[in-house]
Amino acid sequence: MALRSRIVGTGMSVPDRVVTNADMTQWMDTTEEWIEQRTGIRERRWVEDGQKPSDLARGAVVAALSQAELDVSDIDCILLATLSPEHDFPGTSFFLHEAIDAGDIPCIDLRAQCSGFLYALQIADSLIVAGRYERVLVVGCEVHSTGLDVSTEGRDVTVIFGDGSGALVLEAVDADAGPGVLEVRVHAQGKHARKLWTEGPGSAMYPRIDHAALEARKHYPIMDGRFVFKHAVTRMPEVLLETLSAASLKLEDVDLFLFHQANLRINEFVAHKLEIPKEKVLNNIQRLGNCSAAALPILLAEASREGILEPGKLVSLTAFGSGFTWGSAILRWG
Ligand code: COA
């Protein structure tokens with residue numbers, strides 16, 4: 001029997017603490033209007049002291065398993081995408097593994113930044129289609145806030161990012177049955193790695209962190225915002241169309257477009273370029289900011305709970321991020 005992977009459960013978890021644009025104005029030279037006009041963001045969620053990525057990931061996974069009416073013991077493998085690991089090593093997936101008491105199943109951390117969820121989805125889908133595993137947890141998880149510079153110097157990056165986690169359960173089904181993941185395409189361009197990155201602590205530095213590195217602010221993310229924006233609005237439409245074409249589908253066939261939540265203006269630009277009607281696009285960046293690898297699974301979880309995802313609907317997911325990385329997936333819900 002030919003196999004396909006199908007999403008049987010989604011879940012999300014975000015911290016309770018709401019950080020508004022007004023809060024940002026207390027810490028840095030910015031205005032509420034600047035942030036909302038340039039990014040669309042009104043507020044984001046940031047962790048409370050002591051709240052860890054694996055706490056958020058656990059919340060998302062428990063919700064996904066509950067929606068799927070499955071238990072942790074039904075899962076064969078965990079794939080977790082993040083750019084903000086809980087510790088240097090081992091990966092965040094191991095702390096999630098501990099938190100959900102996952103026995104001795106394998107777990108893998110994946111580093112592909114804001115496209116990390118789509119990279120993880122492609123690998124999980126391939127593992128299922130190959131018959132290696134029957135059920136895989138795919139998780140996106142970020143705690144950005146503990147690594148951001150809330151002074152004026154870091155304002156371009158800091159206002160954008162939020163914390164959160166989204167998860168889904170992928171299950172092997174008969175490929176002829178209909179619903180499931182139809183195609184996932186991902187790309188990378190390492191030559192732009194330093195256009196959006198955090199240099200340290202890292203093993204290219206000796207020692208990995210010291211006072212000089214801290215004073216040089218190497219532990220804060222830096223971004224060439226305009227360069228990132230330009231590439232995002234070019235690569236996202238490109239890979240979305242490539243993915244649809246690989247699945248022998250057309251743009252008009254798609255019922256719902258979910259874009260990575262980096263900047264509302266990027267998503268509006270992409271939708272305009274492809275002439276996608278507004279009502280076919282769902283955004284939550286206004287409330288949650290950019291949750292990187294967690295953004296798409298959180299959107300999916302919200303869409304499924306809001307009843308937007310009826311069986312048979314075609315859903316397109318597209319992302320762009322640091323690396324540079326970009327990718328797109330098309331799936332039939334059900
Ligand atoms: N508040 C007020 N002013 C700010 C600011 C803030 N939070 N951040 C930057 N500025 C200032 C800059 O210092 C600059 O001032 P100057 O003209 O005096 O030098 C001015 O605003 C314009 O900066 P610029 O970076 O050119 O603005 P922009 O219109 O490109 O908007 C971003 C900045 C970050 C919103 C935009 O570039 C962007 O969204 N890029 C893509 C980012 C992204 O998607 N990242 C994640 C990828 S996964």
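Here the structure is a predicted model, which means the values were calculated and not measured. Indexing begins at 1, ligand by ligand and atom by atom, following the structure's order.
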For [X] versus [Y], what's the shortest heavy-atom pair and its separation?
X	Y	answer
Leu70	Arg135	CD1-CD, 3.5 Å
Cys114	Gly321	CB-CA, 3.7 Å
Ser93	Asp109	OG-OD1, 2.6 Å
Ala81	Ala120	CB-CB, 4.5 Å
Ile105	Cys77	CD1-N, 3.9 Å

In terms of its nearest heavy atom to atom 11 (C) of ligand 1, the top option of Met24, Arg155, Gln37, Glu32 is Arg155

Options Cys114, Gly323, Gly225, ranked by nearest heavy atom to atom 48 (S) of ligand 1, top entry: Cys114

Just to confirm, does any protein heavy atom lie below 4.0 Å from [atom]?
atom	result
atom 8 (N) of ligand 1	yes
atom 13 (O) of ligand 1	yes
atom 42 (C) of ligand 1	yes
atom 23 (O) of ligand 1	no
atom 46 (C) of ligand 1	yes
atom 18 (O) of ligand 1	no

Would Asn290 count as being in polar contact with ligand 1, using the rule that some N or O on each side must be under 3.5 angstrom apart? no

Any N/O pair His260/ligand 1 closer than 3.5 Å: no

Around [atom], find the nearest protein heavy atom and jot down its residue, atom name and distance.
atom	answer
atom 33 (C) of ligand 1	Trp34 CH2, 3.8 Å
atom 1 (N) of ligand 1	Thr30 OG1, 2.6 Å
atom 28 (P) of ligand 1	Arg38 NH1, 3.5 Å
atom 26 (O) of ligand 1	Arg226 NE, 2.8 Å
atom 34 (C) of ligand 1	Met223 CE, 3.6 Å

Is the number of heavy atoms from other residues, nucleotides or ligands under 6.0 Å of Arg305 CZ greater than 12? yes

Contacting atoms of ligand 1, where contact means under 4.0 angstrom from a heavy atom of [X]:
X	answer
Phe320	48 (S)
Thr39	35 (C)
Gly321	48 (S)
Ile266	44 (O)
Leu196	46 (C), 47 (C)
Asn263	35 (C), 38 (C), 39 (O)
Val159	7 (N)

Yes or no: does Thr158 have any heavy atom under 4.0 Å from an atom of ligand 1? no

Assess the side chains of [X] and [Y]: does a donor N or O sit below 3.5 Å from an acceptor N or O?
X	Y	value
Gln113	Thr325	no
His260	Asn290	yes
Glu242	His187	yes
Ser54	Glu98	no
Glu183	Thr243	no

Salt bridge check: are [X] and [Y] linked by an N-O gap of less than 4.0 Å?
X	Y	value
Asp55	Arg58	no
Arg287	Glu302	yes
Asp88	Arg208	yes

